[in-house]
Amino acid sequence: MTDPIKPSTSRGSTVIHPRREPFEFGLLPIPKLIFSDPTQSLITLKQKLLDSSSNHRVDSAIISDSLQISADQARLLLDTLASVHHSDSEPLVRALPGQNDAVGADIHDLVLLLYIQSYKRLLPRSHKDSASVADVWPSTSAFDGYFSALSPLQLMRSNSRRFMPSQADEEAHQLLYLQKHMANILSLLAEHGESQGEGEELQVLTMDRFEHIGFLVQFGDKAEGNCLSQSSPFFANSDPDMPAIPVSVTQVHDWLMQNITSALEHISERTSAKENGPASGTDQDVAMTDACTVSVKFSASTRDSCFIEGVSKASYVKHASDMKCSSVKVLNCQESTVYVLAPLRYAIVYGCSDATIVLGAVGKAVRVEHCERVHVIVAAKHICIANCRECVFFLGVNQQPLIIGDNHKLQVAPYNTCYPQLEEHMSEVGILPTVNRWDEALALGILDPHDSLSHPAGVSDVQAESATRVDPDQFTNFVIPNWLAGESIGSTKDNPFALPDSYAASQHKNKKNLEEIRRLIHEASLEDNRKRELTSVLHMYFKDWLYGNLHSFAFMSYTPSISSH
């Protein structure tokens, strides 16, 4: 009889956390990835994939054939797995753009990503049938039912706002999902061990298989560099020169359940203390859509995320020296320009309107959701755009942009800015300036199978509206003012992404026209009063043009209200 296993106390942390990245960036609205019986279906699929591979890795062709999805969708699945993987030493994560197929996906990681496609977002807390919503997320579909006539911003301003999840709610429900499904998840990783008696076969996990659980959970606040086996009582002190003894799945399950239960109690106690104590300006459990009521615009979470919330009619800047975290969420900013000039792993832009958001270099993934009339300028590995309207995206991206949900009048254009440290930041997070797939967007369906609400009977999904290209004659560079670019010296002088020929030609033509106007004005023999009239006319036309391009040049059209804190 084995001694009872206690929750982990290794590495100075007693709390297990779900890894948010697979749930925030890894869910894909592809119906064929969602199985009615995920455990049995994925056990069969795993064996089929293992039979087709000599090294436990598969490329997009095998994935496409095995799952009966398109080649584009299979490549998207590979890219998504790379973007949410927990280990920076994973070959798929380290692969250069375009090389994911050559490297292939680890079959066990792929199976875990496919399993969590069964995760659903929780229904609003007011739902009466709690038993039916055990696995779902506390928000309605943005365009379901009576919300279908609302824009993303109107939806967020509706009475449903109070039901949007706080960070604590989000983590608790991810833990509850893992608590319910962990036995099935472990069975997908298990190997057969020695028989325990007649007809009784023992399932075990080797240390290698155990490490795959780190795709879904972590100990401590930062996932990178967090070796799960060293946080466990099973493999923590294993001799690297000796193969570790496999441990039974039952023991691992019991240990994980005790840690998850302990973490849920910790969240409950923390939430109760906040509800009964004085309000804090840096409270990280403010509901996302209530963020505009919070006076503090910037706050740092203990989970390696920073939040920029509720900036209104101002310019706001954060530099790398200000960021003590690797992920940022820009929430509910209106009529503003927000600059995050830093190297990041992940970024979310949510619920913004009439704003310009400039993100430095994002090495894993960006998600832009429920935004209206927003310009997003970003250099990134991967970007997903969901439920946005009248937004323009100036992109330097190494992978195909993904467009999902109910979008209207989206535009894409090549990357159009720079700041002194940009190339340094891109190199730090692994973005190549030689690859830019800004105009190769992949549009999936409007309906989200991860929604909590059922879709009307008989309604079939249709492809999401894709984005159109910005006309080259309407394309302009976005200039980050010197007083915002930071004091540190950098080597970047120009846009690191080469412009397509049509955009470069248009810029060259505009530059020549400007030089010609300058020459004519300089050579014109005008009296002083005529010069003043000409200056006045030029200023008037410039103002008209400036207001017409308000979002692209927001920093010039507001009275400066610059904050660095």
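Only heavy atoms go into these numbers, but all of them, side chains included; no hydrogens, no water, no symmetry mates.
Taking SG of Cys352 as the reference point, atom CD of Glu369 lies at 11.5 Å (rounded to 0.5 Å). Rounding to the nearest 0.5 angstrom, the gap separating the CG atom in Leu114 from the CG atom in Leu110 is 4.5 Å. Between Leu422 atom CG and Asn495 atom CG the span is 8.0 Å, to the nearest 0.5 Å. If you take CD on Glu335 and NZ on Lys313, they are separated by 4.5 Å, rounding to the nearest 0.5 Å. To the nearest 0.5 angstrom, Arg75 atom CZ is 8.5 Å from Ser64 atom OG. A distance of 11.5 Å separates CZ in Arg19 from CG in Leu178, rounded to the nearest 0.5 Å.
Take Glu423 and apply the salt bridge (Lys or Arg N to Asp or Glu O under 4.0 Å) test, not counting sequence neighbours, and it matches no residue. When the ring pair (Phe, Tyr, Trp, His ring centres under 6.0 Å) test is applied to Tyr346, the partners found at least two apart in sequence or on another chain are Phe25.
No side-chain heavy atom of Arg389 sits under 4.5 Å from any side-chain heavy atom of Asn407. Between His212 and Asp106 the shortest side-chain heavy-atom distance falls below 4.5 Å. Using a 4.5 Å heavy-atom threshold, the side chains of Ile357 and Ile377 count as separate. In this structure, Pro91 and Arg57 have side chains that are in contact, with non-hydrogen atoms separated by less than 4.5 Å. At a threshold of 4.5 Å between non-hydrogen side-chain atoms, the residues Leu402 and Ile385 do not count as touching. Counting heavy atoms from C-beta on, the side chains of Tyr115 and Leu113 never come closer than 4.5 Å. Looking at heavy atoms from C-beta onward, Thr492 lies out of side-chain contact with Pro420 at the 4.5 angstrom threshold. With a 4.5 Å cut-off on side-chain heavy atoms, Pro18 and Tyr177 do not count as touching.
Closest non-hydrogen pair, Val392 versus Val470, comes out as CG1-CG2, 3.8 Å. In terms of heavy atoms, Lys381 sits closest to Gly430 at CE-O, 3.2 Å. For the residue pair Ala467 and Val412, the shortest heavy atom distance occurs at CB-CG1, 3.8 Å.
In this structure, Arg345 does not pair ionically with Glu24, as no charged nitrogen and carboxylate oxygen lie closer than 4.0 Å.
Between Tyr419 and His425, the distance separating the two ring centers is shorter than 6.0 angstrom.
A ring-ring contact (aromatic ring centres under 6.0 Å, His included) with Tyr415 is found for one member of Phe497, Phe393, Tyr503 and no other, namely Phe497. Put simply, the residue from Leu92, Asp59, Leu77 that forms a side-chain contact (heavy atoms from CB on, under 4.5 Å) with Asn100 is Leu92.
A donor and an acceptor atom, one from each side chain of Asn477 and Gln507, are located under 3.5 Å apart. A donor-acceptor pair shorter than 3.5 Å cannot be found between the side chains of Tyr119 and His181. For the 3.5 Å distance criterion, the side chains of His382 and Asp79 fail to qualify, holding no donor opposite an acceptor. Side chains of Glu390 and His408: no donor on one and acceptor on the other come within 3.5 Å. In this model, no donor atom of one side chain and acceptor atom of the other lie less than 3.5 Å apart for Thr356 and Tyr339.
One N or O on the side chain of Glu465 and one on the backbone of Lys409 form a donor-acceptor pair closer than 3.5 Å. Counting only distance, with no hydrogens or angles, the side chain of His85 and the backbone of Ser87 share a donor-acceptor pair below 3.5 Å. Using a distance-only test at 3.5 Å, with no hydrogens or angles considered, a donor-acceptor pair links the side chain of Ser506 to the main chain of Pro472. Put simply, the side chain of Ser336 gets close to the backbone of Gln334: a donor and an acceptor are under 3.5 Å apart. Using a distance-only test at 3.5 Å, with no hydrogens or angles considered, a donor-acceptor pair links the side chain of Gln117 to the main chain of Gly26. Checked by atom type and distance alone, the side chain of Asp501 never pairs as donor or acceptor with a backbone atom of Ala504 at under 3.5 Å. At distances below 3.5 Å, not a single donor-acceptor pair connects side-chain atoms of Thr417 with backbone N or O atoms of Val479.
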Without placing hydrogens or testing angles, list every side-chain donor-acceptor pair under 3.5 Å for residues 436-447, not counting sequence neighbours.
residue : atom : partner : partner atom : Å
Asn436  : OD1  : Val397  : N            : 3.0
Asn436  : OD1  : Trp438  : N            : 3.3
Asn436  : ND2  : Leu395  : O            : 3.0
Arg437  : NE   : Glu440  : OE1          : 2.9
Arg437  : NH2  : Glu440  : OE1          : 2.9
Asp439  : OD2  : Arg469  : NH2          : 2.9

Assess the residue pair Val429 and Leu344 against the criterion (side chain to side chain contact (heavy atoms under 4.5 Å, CB included)); give the C-alpha distance rounded to whole Å, side-chain angles, the decisive distance to 0.1 Å, and a yes or no.
CA-CA 7 Å; Val429 298; Leu344 301 163; over 6 Å; no
Decide yes or no on side chain to side chain contact (heavy atoms under 4.5 Å, CB included) for Val374 and Cys388, but give the supporting numbers first.
CA-CA 9 Å; Val374 169; Cys388 293; over 6 Å; no
May I have the step-by-step check of side chain to side chain contact (heavy atoms under 4.5 Å, CB included) for Val358 and Val340, ending in yes or no?
CA-CA 6 Å; Val358 184; Val340 185; over 6 Å; no
Can Glu171 and Arg20 be said to form a salt bridge (charged side-chain N to carboxylate O under 4.0 Å, His left out), step by step?
CA-CA 8 Å; Glu171 179 164 332; Arg20 290 174 179 166; 3.4 Å; yes
